[in-house]
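Presented below is the structure to which this report refers.
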Amino acid sequence: MDLPAIYDPSITEEKWYAYWLKHGFFRSVPDDRPKYSMVIPPPNVTGVLHMGHMLNNTIQDVLVRRARMQGKNTCWVPGTDHASIATEAKVVALLKEQGLEKSDMTRETFLKYAWAWKEKHGNIILEQLKKLGASCDWERTSFTMDPDMSRSVIESFVYLYNKGLIYRGIRMVNWDPEGQTAVSDEEVIHREVNEKLYYLKYFFSENGKAGKEYLSIATTRPETIMADVAVCVNPQDERYVGMVGKKVLIPLINKEIPVLADDYVTMDFGTGCLKITPAHDLNDYEIGLRHKLPVIDILNPDGTLNEQAQVLVGEDRFEARRKIRHMLEENGCLEKEEPYITQVGFSERTDAVIEPRLSLQWFVKLEILAKRALAYVEDGNVKLIPNKYRNTYRHWMETARDWCISRQLWWGQQIPAWTLPNGEVVVASTAEEALELARKNDPNLQAEDLVQDPDVVDTWFSSWLWPISVFDPDKPGHPEKESNKELAYYYPTDDLVTAPDILFFWVARMVMAGDLFCNQKPFSNVYLTGMVRDKLGRKMSKSLGNSPDPIELMDQYGADGVRMGLMLCTSAGNDILFDESQVEQGRNFCNKVWNAYRLVRSWKREETMVPSDTLQEAVRWFSQLLAATRYEVDDLLSKYRLSEALMLLYKRFWDDFCSWYLEIIKPFTEEERRLDAQTYDMTLQFFNIQLHLLHPFIPFITEELWQNLSERTSGESIMVSAVPQTGSFDKSALDEFVRLQEMVVHIRGLRQSKQIPRKEELDLLFKGSFPSKWHGIAMRMAGLKTVQQVHEAPSEVNVYTFLIGTTECFVPLGTLLDIEEEKSKLHAELTYYRKFLSSVEKKLANESFLQRAPRKVVDIERKKQSDAKSKIKALEKQLELL
RNA sequence: GGGAGCUUAGCUCAGCUGGUUUAGAGCACCUGCCUUACAAGCAGGGGGUCGUGAGUUCGAAUCUCGCAGCUCCCACCA
């Protein structure tokens, strides 16, 4: 067989993915094996693959592939999320480009456009995941607006409504004037902004006319003064004694409003005097409720001023702010202005400044749900990895307020509530059922008398059902019914891999939904990935242009290389600083594996040959090392330390397997590339085991080589074949081998510094212990002619000496040895050990140490002491000789 | 304003309940090599007073408390 010297992933990767699909290795149906299940965090249909997806899905694929190789019935459910605000915004923008306005079309027409858009773009991201190697059960691909998914959402809405967990009410919500919809508290991002604090004069009213005296009121939002209904001071505030109960005039519109007292007002902020604008500020709204004040809303849904404002009608709120400032100044009502830094809320989806707005919305009561969802994490039923997120999770669950779930959009599941002519509202799964309900009170009602709520539900109100509804869409609406076979088998899922920024949006709510509808957690472990940043630590963004195109990256380095590059530097919960050189490292590793394989395959298996002792020892050593490695890798993976597990495998393969094992057993001469059958077979077996251990991380090349390793019949794959058995291992024997390696490295260093060519063989004498079984290995690796034990240090002058542990080693060098250099080297070593010894002895001289430290620790120190002493003795002797 | 977390080599990080750690890894770096699997390679090497100050302890990178710097989350002071 002829393999090229450079591995080309573009040939193999597509081939094997098609093969895996063809043989249905990703497919899962319930059976009697133990299961491993996981749902993908459904990416937005609007999205294209970015580095965050790459990281997230690589981790998932590693976990899934490992479980599959452990013989579990593995099910990874893929799908996409309809992402109502983001998608609707995208479709609206697209229509605008074509000269079409959403406001000009009916709901049906708009949705037709939206669906067309989804059909065209919706699956791009999933196709891209295939290139990465994601082993999802594609037959299960779901979309959060699939008919049965939507039914699940609607029916669960009805269920919760009937249980009293969903209610409708007029509340202050976060209004996004750009998207023209309410958004939840979690969708508001607060940012610091430089604004101005305006001090306005509210003159006291004297029979409706402005008097001479005034109250000074600080505000950042002068454009809202027309909506003021009162001015408020703290009852304890001595400055304003006697003013409560009087009336002041709103500047510009000269409207009389009362001066009130309320404890909410802080005396030492601003002027201690607060204008009350119930329609446009949450606190003011609450104060308004306390004092039974009217609500005057002066803003349109799009953020422009309405008729109620009386002035600047039709102007945008920010334009109005600019203009009103001048008007107030001209009017003599602007006392002063100061620069002011304040927190402003922005919409997560549209980045518009959020407007507190009073409106009729639907809410989910969270108090009980949050408490129960918290318990799952608190008692370890659901584990967060890393654990530090427990605190964050707890904090949110303890402070969560009711969840506003209605959105003034069309793209999504329409709220199943109908208003009757008399204003009553009925909630039912379908229009027919709603009519039936309505007729209980008024049998004459007709279908057209019922008007469905035009709003849709929050996207997260559908995705919180995801781990349930992908298996059994009927369950959320009917928790009392028995789970279907799928749900019973796959639920709860095992792992969830997601980013910490949706811990509350999604993870916490899935726990709530799991508890509500299945009375069980939705998953056992939540692995939280970090954010992928560029190597300077900046967020990846289109505008910075610092985000590599994953597809190009995979074309250039292979999916395996990219996966490896990402996995080498990821640890749970920590951001990863992405640098293309890591991907290069991944690619290089794949190439290394490839070439190691080429080497082994270039040898001839010789049935009649008998393995030398050296070869047998090498096999013995590496098989033990592999057993130990596998044990360690299992341990690391069980703790989700993926990058450490991969790094360990990387080092084993590259440093130990290639640089030591293969170099030891490599046949000497070119003509005779023959290896005895026993060693040859074991070497292939080592390869086989390492391919298995590496497969979850780099699935393509491992499949390619595994298929090549021996005759395979169609339908076989490394991904469904169990990892071959590894034997036992003896830790101390492995440690001893490290001594041997140190010795070889030392001699190689000597060659380098004395410029002794490899071909020139050396002799080694040693005093102390150095197992004879390894002499052959040392000779091979260090280029030695002889290895010989002595009882006394050689007396010649021209002998290079060094210590490995407590074994003294001697290499006669003839004229090459520089006596002075040797002396200074020995002196340096001597100084080091003397210092070391004195620190150890200081410890041992300490009575308290001897008394209080555990015996084991004291023994260790004693051993250090005696070792150091014998080393010093040996060094002194060598110096003497020189 | 409240809370959480971080600070170990040039970079990214490991070091879990204090003691074989006068601290490890990978990358980067330096030196020498086209040694017949791989220059996407081989061999060798240097590099850290563990942010800072104190405390607990026989013993601290590890535990406690100040201080400094960074990051994230939450929050309605106009």
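Values in this document were obtained by computation on a predicted structure and should not be read as measured data. Chain letters run A, B, ... following the sequence lines, proteins first and then strands; every chain starts at 1.
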*Are any side-chain N or O atoms of Ser643(A) and backbone N or O atoms of Thr570(A), one a donor and one an acceptor, separated by less than 3.5 Å?*
yes

Grab the N/O contacts between the protein and nucleotides 21-24 of chain B below 3.5 Å, and write none if there aren't any.
unit_1	atom_1	unit_2	atom_2	d
U22(B)	O4	Phe836(A)	N	2.8

*Do Arg171(A) side-chain atoms and Cys404(A) backbone N/O form a donor-acceptor pair below 3.5 Å?*
no

*Would you tell me whether Glu338(A) and Tyr199(A) have side-chain atoms, one donor and one acceptor, within less than 3.5 Å of each other?*
yes

*Kindly indicate whether a cation-pi arrangement holds for Lys201(A) with Tyr214(A), taking the cut-offs as under 6.0 Å to the six-membered ring centre and within 45° of the axis.*
yes

*Would you indicate which nucleotide in G41(B), G26(B), A78(B) comes nearest to any side-chain atom of Asn588(A)?*
G41(B)

*When you measure from the side chain of Glu13(A) to the backbone N and O of Ala559(A), does any donor-acceptor pair fall under 3.5 Å?*
yes

_Tell me whether Ser659(A) contacts the main-chain N or O of Asp656(A) through its side chain, where contact means a donor paired with an acceptor under 3.5 Å._
no

*Using atom C1' of each nucleotide, how far apart are U52(B) and U7(B) to the nearest Å?*
11 Å

*When Trp396(A) is tested against each of Phe505(A), Trp403(A), Tyr389(A), Phe504(A) for ring-ring contact (aromatic ring centres under 6.0 Å, His included), which residue passes?*
Phe504(A)

*For A78(B), does OP1 or OP2 lie under 4.0 Å from any side-chain N or O of Thr342(A)?*
yes

_Set of side chain to side chain contact (heavy atoms under 4.5 Å, CB included) partners for Asn595(A), sequence neighbours left out_ = Asn591(A), Arg598(A)

_Assess, by modelled atom type and distance only, whether the side chains of Ser216(A) and Lys336(A) contain a donor and an acceptor separated by less than 3.5 Å._
no

*Over how many whole Å does the gap from Tyr240(A) atom OH to A78(B) atom C1' extend?*
12 Å

*Using a heavy-atom cut-off of under 4.0 Å over every strand shown, decide if Cys658(A) touches base, sugar-phosphate, or nothing.*
base

*So, the side chain of Asp402(A) versus the backbone of Leu366(A): is there a donor-acceptor pair under 3.5 Å, distance only?*
yes

*Give Trp654(A) one of three labels, base, sugar-phosphate or nothing, depending on what nucleic acid heavy atoms sit under 4.0 Å from its own.*
sugar-phosphate

*Mind checking whether Phe802(A) and Tyr800(A) have parallel, tilted or perpendicular rings, split at 30° and 60°?*
tilted

*Can you give one letter per nucleotide of nucleotides 8-17 of chain B, 5' to 3': B if a protein heavy atom sits under 4.0 Å from the base, S if only from the sugar-phosphate, - if neither?*
----SSSS--

*Nearest-Å distance, CZ (Phe269(A)) to P (C77(B))?*
10 Å

_Lys592(A) side-chain proximity, nearest of A40(B), C76(B), G41(B)_ = G41(B)

*asked:* Just to verify, what does Asp281(A) make a side chain to side chain contact (heavy atoms under 4.5 Å, CB included) with, not counting sequence neighbours?
replied: Asn283(A), Asp284(A)

*Give a yes or no on whether the backbone of Ile701(A) and the side-chain of Asp560(A) come within a donor-acceptor separation of less than 3.5 Å.*
yes

*Presence of donor-acceptor pair under 3.5 Å, side chain of Gln585(A) and base of A40(B)*: no

N/O-N/O pairs, protein side and nucleotides 44-51 of chain B side, under 3.5 Å:
unit_1	atom_1	unit_2	atom_2	d
G44(B)	OP1	Arg748(A)	NH1	3.3

_Just the rounded figure in Å: distance from C1' of A78(B) to CD1 of Ile341(A)._
16 Å

*Look at the side chain of His395(A) and decide which nucleotide, out of G19(B), C77(B), G2(B), has an atom nearest to it.*
G2(B)

*asked:* For the C1' atoms, the ones on C6(B) and on A43(B), what distance do you get once it is rounded to whole angstrom?
replied: 39 Å

*Can you tell which of C38(B), A4(B), A25(B) lies closest to the side chain of Lys651(A)?*
A25(B)

*Classify the nucleic acid contact of Pro500(A) as base, sugar-phosphate or nothing, counting any heavy atom under 4.0 Å across all strands shown.*
nothing

_Selected nucleotide, minimal atom distance to Phe849(A) side chain, candidates G19(B), G5(B), C76(B)_ = G19(B)

*The side chain of Phe504(A) lies closest to which of these nucleotides: C74(B), C76(B), A40(B)?*
C74(B)

*Tyr198(A) near the nucleic acid: base, sugar-phosphate alone, or nothing, with a heavy-atom cut-off under 4.0 Å?*
nothing

*NA contact type, Tyr650(A), heavy-atom cut-off 4.0 Å: base, sugar-phosphate, or nothing?*
sugar-phosphate

*Check if the side chain of Tyr389(A) and the base of C72(B) share a donor-acceptor pair of N or O atoms closer than 3.5 Å.*
no

*Would you say the side chain of Met267(A) lies within less than 4.5 Å of the side chain of Val233(A), judging by non-hydrogen atoms?*
no

*asked:* Students often get this wrong, so: under 4.0 angstrom with heavy atoms, is Leu850(A) touching a base, only sugar-phosphate, or nothing?
replied: nothing

*Which part of the nucleic acid, if any, lies within contact of Glu398(A), taking any heavy atom under 4.0 Å across all strands shown: a base, the sugar-phosphate backbone alone, or nothing?*
nothing

*Quick one: are Ile665(A) and Leu662(A) in side-chain contact, heavy atoms under 4.5 Å?*
yes

*So which nucleotide from G26(B), A78(B), C38(B) ends up closest to the side chain of Asp655(A)?*
G26(B)

*asked:* I want to check something: taking the side chain as every heavy atom from C-beta on, are Leu649(A) and Phe697(A) in contact at a cut-off of under 4.5 Å?
replied: yes

*asked:* Quick check for you: among C76(B), G19(B), A4(B), whose closest atom lies nearest to any side-chain atom of Ala853(A)?
replied: G19(B)

*Answer yes or no: is there a donor N or O on one side and an acceptor on the other, between the side chain of Arg751(A) and the main chain of Glu760(A), under 3.5 Å?*
yes

*Checking all strands, does Gly272(A) fall into the base, sugar-phosphate, or nothing category for heavy-atom contacts under 4.0 angstrom?*
base

*With a non-hydrogen cut-off below 4.0 angstrom, is Arg862(A) in contact with a base, only sugar-phosphate, or nothing?*
nothing

*Integer-rounded Å distance: C72(B) P and Trp396(A) CH2*: 21 Å

*Reckon Thr219(A) touches a base, only the sugar-phosphate, or nothing at all at heavy-atom distances under 4.0 Å?*
sugar-phosphate

*Could you tell me the separation between the CZ atom of Arg394(A) and the C1' atom of G2(B), rounded to a whole number of Å?*
15 Å

*Check the distance between A78(B)'s C1' and Glu286(A)'s CD and give it to me in whole angstrom.*
14 Å

*When Watson-Crick pairs (N1 to N3 and N6-O4 or O6-N4) and G-U wobble pairs (N1-O2 and O6-N3) count only below 3.5 Å on both distances, what is the dot-bracket string of RNA chain B, with | for other-strand pairs?*
(((((((..((((.....[....)))).(((((.......))))).....(((((..]....))))))))))))....

*Roughly how far apart, to the nearest Å, are U64(B) and G19(B) at atom P?*
15 Å

*Could you work out which one of G2(B), U20(B), C42(B) sits closest to the side chain of Ile860(A)?*
U20(B)

*Under 4.0 angstrom, heavy atoms only, what part of the nucleic acid is Ser659(A) near: base, sugar-phosphate, or nothing?*
sugar-phosphate

*C77(B) P sits how many Å from Tyr264(A) OH, rounded?*
7 Å

*Base, sugar-phosphate, or nothing: which does Thr271(A) touch, judged by heavy atoms less than 4.0 Å apart?*
nothing

*asked:* Among U35(B), C73(B), C76(B), which nucleotide has an atom closest to any side-chain atom of Arg758(A)?
replied: U35(B)

*Which part of the nucleic acid, if any, lies within reach of Asn846(A) when heavy atoms closer than 4.0 Å are counted: base, sugar-phosphate only, or nothing?*
sugar-phosphate

*Do the ring centers of Phe653(A) and Phe686(A) come within less than 6.0 Å of each other?*
no

